[in-house]
Student: 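I'd like to ask you about the structure that follows.
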Amino acid sequence: MFKKISTVILLSALGLSLSNPAAADKTVEDFEVWGGVFSQGNFGFVNPQNAELKKFRWWMEGQGRFGNDATQFSQSLIRPGLGYAVTDKIVVWAGYAWAPTAEPLALKSGHPFNEHRIWEQVTWADNFSFGRLSARSRFEQRFFDHNAPLPGANDVAHRFRQLVKLAVPLPQVNPNLSFIVQSELFIAMTTIDNNPGFISRGYDQNRAFVGLGYKINQYATVEMGYMNQFINRPHSKRPDQMMHNFVASLFLNF
């Protein structure tokens, strides 16, 4: 039974990662390397006697991404946030993100630019007989500086992101090893009317990931694998982009 489930998951993930919803002749491709540290915890350490403090959460992550065949800095992300555990499975969050961005996301004829985001999200996770299933629903309000391919810094782009992730244990191989499959869909909720049409309302991008996770200890887990990232630009002079990303992530949970 386990083998059948794993086979179905693997085939589904490969189908997601290899799919291209846009015309192939309008898509440019790139190989990138992404690395990140994602940490979260609660404020119970402030006063261990106060159980309510454990419901209040903190979030901090840092990412580095290298594009143009992994030869140069492409983007980084610093994302702090605060949350509250509604139940032991559901947490609501809000925070800020700073994303310095260069080629290939920035225009070759332009300059690197800064993106600032305000974000709100709800996370859910639970354990089942087949593995751990989790979901994250995130809203973002995106602000850009004058170097971005946008008409000005006052335009705000609203975006919704939905991530679904499944971690299937592989006890036959190693008790700390898991097979990871996830997909995150991005939907732009507003159109920025500009030339060359940097952001259009509707389907924005998808990130499909397959890989392995290894639990180092009760606090730390490492995940490594392949991510197929497709960026859709239906009304832009810029072509669609498909990134083939090697991703390595460290997750810390305190």
Student: So, for Trp119 and Pro80, which heavy atoms are closest and what is the spacing to 0.1 Å?
Tutor: CZ2-O, 3.3 Å
Student: In residues 91-101, what donor-acceptor pairs under 3.5 Å come from side-chain atoms, sequence neighbours left out?
Tutor:
residue, atom, partner, partner atom, Å
Trp93, NE1, Thr123, OG1, 3.1
Tyr96, OH, His116, ND1, 2.7
Trp98, NE1, Asn114, OD1, 3.0
Thr101, OG1, Gln75, NE2, 2.9
Thr101, OG1, Ala99, O, 3.0

Student: Where do Leu170 and Ser178 come nearest, in terms of heavy atoms and distance?
Tutor: CD1-C, 4.1 Å
Student: Taking side chain as C-beta onward, heavy atoms only, is Glu184 less than 4.5 Å from Met227?
Tutor: no
Student: Checking Thr190 side chain against His158 main chain: does a donor-acceptor pair fall under 3.5 Å?
Tutor: yes
Student: Please give me the minimum heavy-atom distance between Leu133 and Trp124, naming the atom from each residue.
Tutor: O-CZ3, 3.4 Å
Student: Go through the steps to decide whether Trp59 and Glu61 satisfy the test side chain to side chain donor-acceptor pair (under 3.5 Å), and finish with yes or no.
Tutor: CA-CA 7 Å; Trp59 176 299; Glu61 69 178 84; 2.9 Å; yes
Student: Is any NZ, NE, NH1 or NH2 atom of the basic residue among Glu223 and Lys165 found under 4.0 Å from an Asp or Glu carboxylate oxygen of the other?
Tutor: yes
Student: Kindly determine whether Gln182 and Arg136 satisfy side chain to side chain contact (heavy atoms under 4.5 Å, CB included), including the steps that lead there.
Tutor: CA-CA 11 Å; Gln182 72 179 46; Arg136 185 186 70 208; over 6 Å; no
Student: Taking a hydrophobic cluster as the set of Ile, Leu, Val, Met, Phe, Trp and Tyr residues connected by side-chain heavy atoms closer than 4.5 Å, whether directly or through intermediates, do Leu185 and Met242 fall within one such cluster?
Tutor: yes
Student: Applying ring-ring contact (aromatic ring centres under 6.0 Å, His included) between Phe56 and each of Tyr84, Phe45, Phe43, report the one that passes.
Tutor: Tyr84
Student: About how many Å separate CD of Glu103 and CD of Gln72, when rounded to the nearest 0.5 Å?
Tutor: 5.0 Å
Student: If you take all heavy atoms of Ala220 and Leu252, which pair is closest and at what distance?
Tutor: CB-CD2, 3.6 Å
Student: Inspect the surroundings of OH in Tyr219 and state if more than 12 heavy atoms from other residues, nucleotides or ligands are less than 6.0 Å away.
Tutor: no
Student: Taking atom CD of Glu29 and atom OG1 of Thr27, what is their separation to the nearest 0.5 Å?
Tutor: 7.5 Å
Student: The test is side chain to side chain contact (heavy atoms under 4.5 Å, CB included); show your working for Ser249 and Trp34 and say whether it passes.
Tutor: CA-CA 8 Å; Ser249 304; Trp34 292 15; over 6 Å; no
Student: Nearest 0.5 Å, please: how far is CZ in Arg117 from CZ in Arg138?
Tutor: 8.0 Å
Student: Looking at Arg65 and Glu32, is any side-chain nitrogen of the basic one under 4.0 Å from a carboxylate oxygen of the acidic one?
Tutor: no
Student: Starting from Phe179, can I reach Leu166 by hopping between I/L/V/M/F/W/Y residues whose side chains sit under 4.5 Å apart?
Tutor: yes
Student: How long is the straight-line distance from CE of Met60 back to CD1 of Ile78, given to the nearest 0.5 Å?
Tutor: 7.5 Å
Student: With side chains defined as the heavy atoms from C-beta onward, is the minimum distance between Ile118 and Glu120 less than 4.5 Å?
Tutor: yes
Student: With a 4.5 Å cut-off on side-chain heavy atoms, are Met224 and Phe246 touching?
Tutor: yes
Student: Quick one about Asn206 and Ser183 (side-chain donor to acceptor, distance below 3.5 Å, no hydrogens or angles considered), yes or no?
Tutor: yes
Student: Enter the distance from Asn253:CG to Thr221:OG1 here, rounded to the nearest 0.5 Å.
Tutor: 8.5 Å
Student: Any idea how Phe254 and Trp58 line up, ring-wise: parallel (<30°), tilted (30 to 60°), or perpendicular (>60°)?
Tutor: parallel
Student: Any chance you could lay out the side chain to side chain contact (heavy atoms under 4.5 Å, CB included) test for Asn245 and Phe209, step after step, and finish with the verdict?
Tutor: CA-CA 9 Å; Asn245 305 328; Phe209 173 86; over 6 Å; no
Student: Start with the C-alpha gap between Phe143 and Val156, add the side-chain angles, then the distance that decides, and say whether side chain to side chain contact (heavy atoms under 4.5 Å, CB included) holds.
Tutor: CA-CA 5 Å; Phe143 304 82; Val156 181; 3.2 Å; yes
Student: Give me the atom names and distance for the closest heavy-atom approach of Asp30 to Asp69.
Tutor: OD1-N, 2.7 Å
Student: Hydrophobic clusters here meaning ILVMFWY residues chained together by side-chain heavy-atom distances under 4.5 Å, can you tell me if Leu82 and Ile90 are in one?
Tutor: yes
Student: If the condition is side-chain hydrogen bond (donor to acceptor under 3.5 Å, both in side chains), which residues does Arg201 pass it with, not counting sequence neighbours?
Tutor: none
Student: Is Leu177 reachable from Val181 through a run of I, L, V, M, F, W or Y residues, each pair having side-chain heavy atoms under 4.5 Å apart?
Tutor: yes
Student: Can you find a pair of side-chain heavy atoms, one from Arg207 and one from Phe186, that are under 4.5 Å apart?
Tutor: yes
Student: Any link between Val37 and Tyr214 through a network of hydrophobic side chains (Ile, Leu, Val, Met, Phe, Trp, Tyr) touching at under 4.5 Å?
Tutor: yes
Student: Let me confirm one number: the CD1-CG distance from Ile231 to Asp240, rounded to the nearest 0.5 Å.
Tutor: 9.0 Å
Student: Is the closest side-chain donor-acceptor distance between Gln241 and Gln229 under 3.5 Å?
Tutor: no
Student: Minimum heavy-atom separation for Leu105 to Arg233, with atom names?
Tutor: CD2-NH2, 4.5 Å
